[in-house]
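In the text below, chain A, chain B and the rest are named by the order of the sequence lines, each starting its count at 1. Note that the structure is a prediction, hence the values are computed from the model and not measured.
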Amino acid sequence: MDVSRILDPLNDAQRQAVCAEQGNVLVLAGAGSGKTRVLVHRIAWMLAAEGITPYGILAVTFTNKAAGEMRGRIEQLLGIPSSGMWVGTFHGIAHRLLRAHWKEAGLGQSFTVMDSEDQLRALRRVIREMGLDESQWPAKESQWYINARKDEGLRAKHLDHQNDTHLRYMIEIYAQYENYCQRSNVVDFAELMLRSHELWLQNPEILRHYQQRFRHILVDEFQDTNTIQYAWLRLLAGQHCAMFAVGDDDQSIYGWRGARVENIQQFSRDYSNTSVFRLEQNYRSTGNILNAANGLISHNAERMGKNLWTADSDGELIQLYAAFNEQDEAMFIVERINDWVNGGGLRSECAVLYRSNAQSRVIEERLIQSGMPYRVYGGLRFFERQEIKDALAYLRLVNNRDDDTAFERVVNTPTRGIGARTVDTIRETARGSGISLWRAAYYLIEHKQLAARALSALQQFLYLIDNLHKSIDGLALHEQIEHVIHDSGLIDHYKKERGERGRARLENLDELINAGRNFDDEDRDPEQAEVDTLTAFLSHASLEAGERQGDEWDDCVQLMTLHSAKGLEFKQVFLCGLEEGVFPHKLSMEEPGRLEEERRLCYVGMTRAKQKLMISYAEKRRLYGEEKFARPSRFISEIPREYLEEIRLGGSVSTPVYDQFATRVEDNDAPLQLGQRVFHNKFGEGIVMNYEGNGRHARVQINFSTSGSKWLVMEYANLQLC
DNA sequence: ATATAGAATCTTTTT
DNA sequence: GATTCTATAT
């Protein structure tokens with residue numbers, strides 16, 4: 001193997017990381033510094049130069065996309081298939097382990113993986129069965145609580161209610177939910193990590209086997225690992241494994257779902273012989289964009305320290321546009337895109353990034369108006385669509401009769417005369433005897449404990465599932481799917497739905513058959529040939545919900561949230577809605593830690609831009625039906641001024657907007673922070689709800705605890721901060 | 001079993 | 001403002 005192909009395309013820092021001596025390595029890779037390249041070349045280097053066998057390598061990522069990309073690039077670089085190597089997501093690999101050791105993990109052989117919607121439905125049922133009021137104990141909250149505990153590696157039995165009633169119920173719901181999952185032979189996403197971790201802890205011989213096999217672990221996006229994922233890695237690594245972790249603390253934007261940036265620092269502490277490398281040369285953006293981003297992120301206190309630089313030229317200044325309102329902002333963005341396209345640029349080279357999905361609507365409307373094709377990321381994915389989930393539920397039930405989530409979903413879809421009353425009876429029986437719904441239904445029929453009509457309807461349903469099981473045995477996967485969606489009546493059911501939507505649903509069901517046809521050859525895991533195809537397909541559907549909607553091939557403007565933009569790059573980026581309360585989001589403004597995460601999010605957004613970055617904010621914005629005034633985001637004032645250029649449309653430059661907000665933000669005698677508690681001599685204590693204008697002439701709306709909401713003029717109000 | 005009206009609620013997202 | 005769920009009526 002010619003090693004120069006691996007080393008030549010690298011810069012010094014990259015090469016040092018790639019060729020680092022065997023041992024633990026931490027690579028702090030800034031945005032656009034060639035993070036994936038280093039991972040891929042490191043693997044290639046180990047295989048080609050160090051004589052390490054692919055069989056001993058495990059590479060973990062967070063998304064299927066990243067895993068696929070890594071695998072593809074390894075194969076491209078080496079010119080051979082990457083077989084034997086494990087490259088996958090944390091959840092994908094945990095799932096693989098559980099399939100291989102289902103018995104030791106305490107699962108049934110054909111256990112099913114629930115997605116978050118399934119999990120929510122399951123929790124609704126558990127809460128209802130506990131006789132709790134659903135409005136007082138929202139399933140969403142329990143789901144959040146349970147997943148957060150699982151991400152910390154904690155089971156219900158580890159938790160202490162500390163005499164807190166609320167907590168006690170939460171833990172009880174958790175415990176009941178664990179029972180439910182065990183009974184139904186299903187696992188949720190967090191459970192995959194937690195249970196595979198326990199599998200290793202409780203079966204030292206299995207752990208030893210994997211420890212001996214995987215002497216080289218590579219981890220992508222290390223800053224996004226949560227507690228259980230890090231514990232899982234440490235356990236697998238044991239004493240003799242070399243870990244190669246790549247991450248960027250400045251791009252940690254998933255703290256709210258349990259990711260712990262601290263794991264990066266912890267890594268060097270836990271593995272004392274760790275060599276640390278920094279990749280700071282950026283190959284993506286112009287100098288001005290990088291300097292602006294560096295300036296912004298320097299306002300964060302908790303950093304490992306890193307400064308991106310480029311050999312590229314300064315490029316254009318970052319343009320700042322102060323819009324009158326959100327309509328004006330949208331108009332500005334679309335006009336700029338038009339200019340770009342007229343100048344020969346592609347629409348797909350432009351991305352509009354926003355903090356929250358609700359912001360996309362106005363921009364979409366404006367794009368439609370000017371006939372500009374666009375694509376919004378973040379809609380429903382293929383395997384999450386209603387009709388697809390219905391079909392999958394039938395398949396799941398055929399595959400695993402105890403899957404209560406699937407049973408509940410399809411027992412009366414399409415309607416077949418099994419009403420709420422009957423299902424209630426089944427549930428009660430199931431709960432009374434601690435059995436699955438399927439078994440309870442069987443029991444009720446055998447003992448004729450239902451009204452005649454319901455009994456025969458239910459019997460029909462059980463026959464249907466049993467017959468489906470028999471008739472699809474031995475068929476190819478796509479034939480199985482086709483059979484099930486026809487015989488279940490789903491096709492007829494959706495044929496009745498009129499209009500565009502019904503037609504789309506039928507098309508999707510057709511597409512599901514197609515997915516089954518393609519699955520056989522492509523997506524099977526060669527090391528798990530003994531798992532039957534249907535089971536593998538169902539797991540695939542849960543673990544890899546498919547691409548987001550949109551025609552990739554069309555040349556269209558890209559619209560997405562800042563979170564979904566991570567890892568992508570565009571020649572021209574619009575960062576919009578930079579207003580206090582929108583970005584940083586009002587729910588993240590209180591805690592310093594969360595605010596720093598918002599700032600990192602802004603940093604991520606800025607560093608997506610290759611050539612042109614445009615930042616905009618609206619002085620007045622209609623959001624959630626109400627019109628509100630907002631101050632420009634503090635993030636704007638944190639960008640060093642020399643990299644910004646304020647622009648106005650139509651050339652009518654009046655007061656420089658930058659000056660306006662600069663004084664507004666920095667002046668402490670204008671405490672117009674929304675949500676600020678204030679004291680008024682006559683009205684007492686209140687909270688700032690809204691304001692209009694700025695400086696001394698501003699009018700402020702304050703909600704007083706004793707006398708209600710009032711508009712006051714700052715100049716005369718004489719407010720005191722509390 | 002379905003249709004409709006009223007109410008609630010509205011970061012960010014992958015697996 | 002728009003969606004999504006819940007309660008009630010038919």
Nearest to side-chain heavy atoms of [X], which nucleotide of [options]:
{"X": "A:R361", "options": "B:dT15, C:dG1, B:dT2", "answer": "C:dG1"}
{"X": "A:H585", "options": "B:dT15, B:dT11, C:dG1", "answer": "B:dT11"}
{"X": "A:Y254", "options": "B:dT15, B:dT13, B:dT11", "answer": "B:dT13"}
{"X": "A:R622", "options": "B:dT13, C:dG1, B:dT11", "answer": "C:dG1"}
{"X": "A:L543", "options": "B:dT15, B:dT13, C:dG1", "answer": "B:dT15"}

Q) What are the two closest heavy atoms between A:R409 and A:A393, and how far apart are they? A)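 Nearest pair, atom of A:R409 first, then A:A393: CD-CB, 3.9 Å.
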With A:T413, which residues qualify under side-chain hydrogen bond (donor to acceptor under 3.5 Å, both in side chains), at least two apart?
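Applying side-chain hydrogen bond (donor to acceptor under 3.5 Å, both in side chains) to A:T413 gives none.
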Near A:R421 CZ, under 6.0 Å, is it more than 12 heavy atoms from other residues, nucleotides or ligands?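 Result for CZ/A:R421: open.
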Distances under 3.5 Å between nitrogen or oxygen atoms of protein and nucleotides 3-6 of chain C:
none

**Prompt:** When rounded to the nearest Å, what value does the distance between P atoms of B:dT12 and C:dC5 take?
**Reply:**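 It comes out at 16 Å once rounded to the nearest Å.
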Taking atom P in both C:dT4 and B:dT13, what distance in whole Å separates the two?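 Looking at atom P only, C:dT4 and B:dT13 are 16 Å apart.
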If you look only at distance, which donor and acceptor atoms sit under 3.5 Å apart when one is on a side chain in residues 453-461 of chain A and the other is two or more places apart or in another chain?
{"unit_1": "A:S456", "atom_1": "OG", "unit_2": "A:R453", "atom_2": "O", "d": "3.4"}

Aromatic ring pairing A:W200/A:W232, orientation class (parallel under 30°, perpendicular over 60°, tilted between):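 Judged by the thresholds at 30° and 60°, the geometry between A:W200 and A:W232 is tilted.
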Base, sugar-phosphate, or nothing for [X], non-hydrogen atoms under 4.0 angstrom?
{"X": "A:N64", "value": "sugar-phosphate"}
{"X": "A:S116", "value": "base"}
{"X": "A:R594", "value": "base"}

**Item:** Any A:H166 side-chain heavy atom under 4.5 Å of A:M170 side chain
**Value:**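 Yes. Closest side-chain heavy atoms under 4.5 Å.
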Notebook entry, point to check: For B:dT13, does either OP1 or OP2 sit under 4.0 Å from a side-chain N or O belonging to A:S564?
Noted result: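 Checking A:S564 against B:dT13: at least one side-chain N or O falls below 4.0 Å of OP1 or OP2.
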Item checked: Glycosidic conformation of B:dT12, taking syn as within 90° of 0 and anti otherwise ->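 It is anti.
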Please say whether the positively charged group of A:R99, taken as NZ for Lys or CZ for Arg, lies over the ring of A:F111, i.e. under 6.0 angstrom from the six-membered ring centre and within 45 degrees of the axis.
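The answer is yes; both the distance and angle limits are met.
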